[in-house]
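Scroll down for the structure; my scribbles are underneath it.
Along the sequence shown, the residues carry numbers beginning at 1. All values below were derived from every heavy atom in this structure, side-chain atoms included, with hydrogens, water molecules and symmetry-related copies excluded.
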Amino acid sequence: MFAEENGLHGDPRIKAISDAIRVVPHFPKPGIMFQDITTLLLDQKAFKYTVDIFVDRYTDKKISVVAGVEARGFIFGPPIALAIGAKFVPLRKPKKLPGEVISESYVLEYGTDCLEMHVGAVQPGESVLIVDDLVATGGTLSAAIRLLERVGADVVECACVIGLPQVKGNWRLNGVPLYVLVEPRLTDLVLFRM
């Protein structure tokens with residue numbers, strides 16, 4: 001569900017977050033309106049709002065693990081984990097983690113990819129929140145859910161900053177709830193704030 005549909009309708013923090021995300025037309029290929037969160041990270045207030053909204057949502061959910069999807073889930077996951085008293089576990093692309101890993105492959109529109117996690121990073125029965133910056137089709141998040149469930153984790157929810165309109169109304173991935181802060185902007189109204 002989108003945050004605005006879950007008690008945050010009209011919350012000025014949502015507008016600040018949306019306004020801080022830069023839209024880069026035709027990147028990385030023609031027709032794509034790339035949602036660039038680096039400008040959100042430059043805006044300390046909007047970045048804090050992003051983390052605060054997630055922390056408010058997950059503080060009392062007894063989550064023991066925040067799993068961040070490479071790479072931008074690594075930006076939002078650790079501060080959320082620290083604030084709610086959970087450990088942070090990175091879900092990485094292949095051959096990035098030393099030691100023994102468990103892997104989950106998934107299909108993309110242009111091929112396949114894979115997520116890996118250290119064996120033993122998540123214990124059976126631990127409650128997990130998966131964090132990423134954007135959900136488009138849900139393929140990456142679904143792979144993350146399968147990976148965590150294979151080790152016996154209980155995936156409580158997936159949380160993303162941006163959700164493409166096609167996920168609206170589809171608030172579950174593999175049976176797991178999805179929580180999204182903002183929809184993508186189609187044009188770039190604010191490039192930089194000075």
[atom2] on [Y] to [atom1] on [X], rounded to 0.5 Å:
X: Lys48; Y: Ile53; atom1: NZ; atom2: CD1; result: 10.5 Å
X: Leu147; Y: Leu91; atom1: CG; atom2: CG; result: 6.0 Å
X: Lys15; Y: Leu8; atom1: NZ; atom2: CG; result: 16.0 Å
X: Leu181; Y: Leu134; atom1: CG; atom2: CG; result: 11.5 Å
X: Leu164; Y: Thr137; atom1: CG; atom2: OG1; result: 8.5 Å
X: Leu129; Y: Cys158; atom1: CG; atom2: SG; result: 7.5 Å

Once side chain to side chain donor-acceptor pair (under 3.5 Å) is applied, do any residues pair with [X], and if so which ones, sequence neighbours excluded?
X: Thr59; result: none
X: Asn174; result: Ser142
X: Asn6; result: none
X: Lys45; result: none

Given 3.5 Å as the limit, does a donor-acceptor pair link the side chain of [X] with the main chain of [Y], or not?
X: Ser127; Y: Ser64; value: no
X: Gln35; Y: Met33; value: yes
X: Arg185; Y: Ser18; value: yes

Could you work out, with side chain to side chain contact (heavy atoms under 4.5 Å, CB included) as the rule, every residue matching [X], not counting sequence neighbours?
X: Ala121; answer: Val89, Met117, His118
X: Gln123; answer: Glu126
X: Pro90; answer: Phe74, Phe88, Arg92

Taking it one step at a time, do Val135 and Thr140 satisfy side-chain contact (heavy atoms from CB on, under 4.5 Å)? CA-CA 8 Å; Val135 57; Thr140 304; over 6 Å; no

For Phe76, ring-ring contact (aromatic ring centres under 6.0 Å, His included) partners two or more places apart: Phe47

Flag the pair [X] / [Y] as yes when at least one side-chain heavy-atom distance between them is below 4.5 Å, and no otherwise.
X: Ile84; Y: Ile63; answer: yes
X: Asp36; Y: Val23; answer: no
X: Asp133; Y: Ile75; answer: no

Could you tell me whether Glu157 and Lys61 have a side-chain N and a carboxylate O separated by less than 4.0 Å? no

Any residue meeting salt bridge (charged side-chain N to carboxylate O under 4.0 Å, His left out) with Arg13, in chain and number order, not counting sequence neighbours: Asp11, Asp56

I'd like to check the salt bridge (charged side-chain N to carboxylate O under 4.0 Å, His left out) partners of Lys62; sequence neighbours left out, ordered by chain and number. none

Have a look at Val182 and tell me which of Leu40, Ile21, Thr50 forms a side-chain contact (heavy atoms from CB on, under 4.5 Å) with it. Ile21

Filter on ring pair (Phe, Tyr, Trp, His ring centres under 6.0 Å), then keep only pairs touching residues 13-37, sequence neighbours left out; what's left? Phe27-Phe34

Side-chain donor-acceptor distances from residues 93-103 under 3.5 Å, at least two apart:
{"residue": "Lys93", "atom": "NZ", "partner": "Tyr106", "partner atom": "OH", "Å": "3.1"}
{"residue": "Lys93", "atom": "NZ", "partner": "Asp113", "partner atom": "OD2", "Å": "2.9"}
{"residue": "Ser103", "atom": "OG", "partner": "Glu116", "partner atom": "OE2", "Å": "3.1"}

